[in-house]
Amino acid sequence: MESHELLKALLKDTSAKQICSDMGLSLSLIYKWAEPPADDAGSGSSNPLDRVKQLIDSTSDDRVARWVAQQAGGFFISNPAAMRESEELVPATNDIVQQFASMLGVIAAAASDQQITDKEARSIRAQWEGLKSVTEGFVQAAEKGNFSGLEADIKKQHHDEPAA
């Protein structure tokens, strides 16, 4: 969805006059934000969403997206690099479990003195962000069925089991 399309949809549910009042802007500018940009044969004006994207692109830094997500009461998770086609389910699962254990270790160490410092909280946050990203990569691979080595491993494990 293009930014102007999102803004147009928002204007169906929110009063443009209210937005003008809240932001101290003209009604015509709010409506121009909801039109395609001039270079796409529209008469729209560069809108705040496009500006945020430009800022992220210019800085190659996702802290802006993180800040916007926090302002909305949420959090930002970067899309992970796609798992390689040859990556297998069991090692990928083990990686998630290992990262989760690492995060729990950081939490336990931080809480051992019954208080958590700002530095410890930042460390916990970093571990959590990493775990969310790795897990998202796993979920995306699962959704795509991208665990090509799984079937062969299962057959090999079954073949190697002693007969009952």
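The chain is numbered in sequence order, starting from 1. Being a predicted model, the structure only gives us computed values, none of them experimental. All heavy atoms count here, side chains included; hydrogens, waters and symmetry mates do not.
Residues that satisfy the side-chain contact (heavy atoms from CB on, under 4.5 Å) test with Ala109, not counting sequence neighbours, are absent from this structure. Every residue two or more places apart in sequence or in another chain that forms a side-chain contact (heavy atoms from CB on, under 4.5 Å) with Leu49 is listed here: Ser3, Leu6, Leu7, Asn47. For Glu5, the side-chain contact (heavy atoms from CB on, under 4.5 Å) partners at least two apart in sequence or on another chain are Met1, Glu2. In terms of the side-chain contact (heavy atoms from CB on, under 4.5 Å) criterion, residue partners of Leu55 (sequence neighbours excluded) are, by chain and number, Thr59, Val64. Every residue was checked against the side-chain hydrogen bond (donor to acceptor under 3.5 Å, both in side chains) condition with Ser112, not counting sequence neighbours, and none meets it. By the side-chain hydrogen bond (donor to acceptor under 3.5 Å, both in side chains) test, Gln99 is found to be paired with no residue, residues two or more places apart in sequence or in another chain being considered. Shown here are the side-chain hydrogen bond (donor to acceptor under 3.5 Å, both in side chains) partners of Thr117, two or more places apart in sequence or in another chain: Glu120.
Residues Cys20 and Leu27 share a closest heavy-atom pair of SG-CA, 3.1 Å. Contact between Ala69 and Phe75 at its shortest, heavy atoms only, is CB-C, 3.6 Å. The minimum heavy-atom distance linking Pro36 with His4 is given by the pair N-CD2, 3.5 Å.
For Thr135 (side chain) and Leu131 (main-chain N/O), a donor-acceptor pair under 3.5 Å exists by modelled atom type.
Rounding to the nearest 0.5 Å gives a distance of 10.0 Å between CH2 of Trp33 and CG of Leu11. The structure places CE of Met103 at 4.5 Å from CZ of Phe100, a figure rounded to the nearest 0.5 Å.
Hydrophobic clustering of Ile, Leu, Val, Met, Phe, Trp and Tyr side chains at less than 4.5 Å, counting indirect connections, keeps Val52 apart from Leu10. With hydrophobic clusters built from ILVMFWY side chains whose heavy atoms lie under 4.5 angstrom apart, Ile19 shares a cluster with Leu25.
Sorted by first and then second residue, the pairs that involve residues 52-64 and meet salt bridge (Lys or Arg N to Asp or Glu O under 4.0 Å), not counting sequence neighbours, are Lys53-Asp57, Asp61-Arg63, Asp62-Arg66. Applying the side chain to side chain donor-acceptor pair (under 3.5 Å) test to pairs two or more places apart or on separate chains, those with a residue in residues 6-18 are Gln18-Asp22.
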